[in-house]
Amino acid sequence: MINLKSAHEIELMRRAGKLTAEARALAGSMIRPGVTTWEIDREVDKFIRKNGAVPSFYHYNGFPASVCISINQEVIHGIPDRNRRLQEGDIVSVDVGAKLNGYHGDCAATFPCGEISSEARQLIQVTRESFFRGIANAREGKRVGDISAAVQAYAESFGYGVVREYVGHGVGTNLHEPPEVPTFGKTNKGPRLLRGMTIAVEPMINAGTPGVVKLSNGWTIVTADGKWAAHYENTILITGDGEPEILTAPAI
């Protein structure tokens, strides 16, 4: 069942979203050669808790950290590690959630570590832009598939692969709620978009084929062909005013 949020709930979602976006920005500011993924995780965890919230991902279904940090060919669900140091030229995807006053925010972005290749920079830029192409269709009366199709069309126009196995989702008092929000599909398909819906739209775009594989740690998803991937996500609100509201408003 899709939960439509009241005005009061939307305000709580805004507060959670703002904090989550700030946590993402903090993580991004720490990305530089020599920093460990564990250090980023610890600083973001402290920031979220200092602001009266809890990290949404900590022990979620057993996940052992507070932030998902995925590097290069890792698509999502990378586990922070004391011994994993970022290197010049890496691209680093950071996925953050925070629960404040009972409501979650959820967002992600892929950041460059130092100087990166032009190919890697384009992958990051296209992934981010595909999100905005998608939410241009996040309007009351349209359908989830209108978002999905727009993301897919833009990403595939660059020859990239759109991950199929993992999708966006509703967000609220639970981190994952109905409806599912794929970033591939056909227009005029899927649930109708209604004002008060809060959803996470999250393109996961591979430089090569769409295929992915789960590592033996049970969490980390990597590209099947070893090519690099990028991830970009925001929690948005379907409004009655035409334009969606980005609750995890990006500073990047």
Side-chain angles (χ1 to χ4, degrees), residues 1-31 35-70 74 76-82 84 92-111 166-181 196-202 204 217-221 231-237 245-252:
M1 177 178 175
I2 297 173
N3 180 20
L4 303 180
K5 309 302 190 295
S6 67
H8 175 66
E9 289 178 301
I10 289 168
E11 182 54 36
L12 293 176
M13 290 285 294
R14 286 190 181 107
R15 295 175 190 174
K18 180 176 184 293
L19 177 61
T20 309
E22 290 171 351
R24 174 179 56 185
L26 171 61
S29 73
M30 293 184 66
I31 292 173
V35 173
T36 68
T37 54
W38 182 85
E39 289 172 311
I40 296 170
D41 178 80
R42 290 299 83 207
E43 287 302 314
V44 171
D45 180 280
K46 285 192 292 186
F47 174 80
I48 290 172
R49 294 182 191 276
K50 182 182 72 176
N51 283 279
V54 294
S56 301
F57 301 165
Y58 185 67
H59 286 177
Y60 181 78
N61 291 335
F63 188 73
S66 297
V67 184
C68 297
I69 305 177
S70 309
E74 297 170 352
I76 51 173
H77 302 165
I79 300 174
D81 189 319
R82 291 174 183 266
R84 186 85 183 271
V92 185
S93 296
V94 176
D95 194 351
V96 181
K99 186 177 185 181
L100 179 66
N101 299 320
Y103 288 82
H104 293 272
D106 189 7
C107 62
T110 302
F111 299 89
Y166 300 89
V167 299
H169 49 89
V171 186
T173 54
N174 294 303
L175 180 60
H176 295 96
E177 299 182 349
E180 289 192 343
V181 185
M197 288 175 64
T198 48
I199 58 175
V201 179
E202 51 177 319
M204 290 160 263
N217 65 22
W219 281 103
T220 307
I221 305 302
H231 182 201
Y232 190 78
E233 174 188 20
N234 284 300
T235 302
I236 69 168
L237 167 70
E245 179 182 343
I246 301 178
L247 298 176
T248 51
I252 58 170

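For the single chain, residues carry numbers from 1 onward in sequence order.
- A distance-only check finds a donor-acceptor pair linking the side chain of T220 to the backbone of H77 [under 3.5 Å].
- Between the T198 side chain and the L237 main chain, no donor and acceptor come within less than 3.5 Å of each other.
- T173 contributes no side-chain N or O that, together with a main-chain N or O of G102, makes up a donor-acceptor pair within less than 3.5 Å.
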*Carefully, step by step, assess N51 and L100 under the rule side-chain contact (heavy atoms from CB on, under 4.5 Å).*
CA-CA 9 Å; N51 283 279; L100 179 66; over 6 Å; no
*Steps toward side-chain contact (heavy atoms from CB on, under 4.5 Å) verdict (M204, E233)*: CA-CA 9 Å; M204 290 160 263; E233 174 188 20; over 6 Å; no
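- Across all non-hydrogen atoms, the minimal contact from G97 to I48 is O-CD1, 3.8 Å.
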Result block: side-chain N/O donor-acceptor pairs under 3.5 angstrom for residues 8-17, not counting sequence neighbours:
from, atom 1, to, atom 2, distance (Å)
E9, OE1, S6, N, 2.9
E9, OE1, S6, OG, 3.4
E9, OE2, Y103, OH, 2.7
E11, OE1, R14, NH1, 3.3
R14, NE, E245, OE1, 3.4
R14, NE, E245, OE2, 2.7
R14, NH2, E245, OE1, 3.0

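- In plain terms, the two heavy atoms of P179 and I199 that are nearest each other are CD-CG2, 4.1 Å.
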*Under the side-chain contact (heavy atoms from CB on, under 4.5 Å) criterion, do V96 and L26 qualify, and how do the steps go?*
CA-CA 10 Å; V96 181; L26 171 61; over 6 Å; no
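- Looking at D106, N234, T248 one by one, the single match for side-chain hydrogen bond (donor to acceptor under 3.5 Å, both in side chains) with R24 turns out to be N234.
- The two residues A98 and L19 have their closest heavy-atom pair at CB-CD2, 4.4 Å.
- No side-chain heavy atom of I69 sits under 4.5 Å from any side-chain heavy atom of W38.
- For the side-chain contact (heavy atoms from CB on, under 4.5 Å) with V67, the lone residue among D41, I79, T37 that qualifies is D41.
- Closest heavy-atom contact between A27 and V94: CB-CG1, 3.5 Å.
- The existence of a salt bridge linking E39 and R42 is excluded, since no basic side-chain nitrogen approaches an acidic carboxylate oxygen closer than 4.0 Å.
- Looking at heavy atoms from C-beta onward, S93 lies out of side-chain contact with I76 at the 4.5 angstrom threshold.
- The backbone N or O of L175 sits less than 3.5 Å from a side-chain atom of H169, completing a donor-acceptor pair.
- Two residues are said to be in side-chain contact when any heavy atoms from C-beta on lie closer than 4.5 Å; T36 and R82 fail this criterion.
- Contact check for E202 versus C107: no side-chain heavy atoms found under the 4.5 Å cut-off.
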For residues 57-66, dump all side-chain donor-acceptor pairs below 3.5 Å to protein atoms at least two apart in sequence or in another chain.
from, atom 1, to, atom 2, distance (Å)
Y60, OH, H176, ND1, 2.8
S66, OG, D45, OD2, 2.6

*asked:* Set out, in order, the CA-CA distance, both residues' side-chain angles and the distance that settles side-chain contact (heavy atoms from CB on, under 4.5 Å) for L4 and M197, then state yes or no.
replied: CA-CA 5 Å; L4 303 180; M197 288 175 64; 3.3 Å; yes
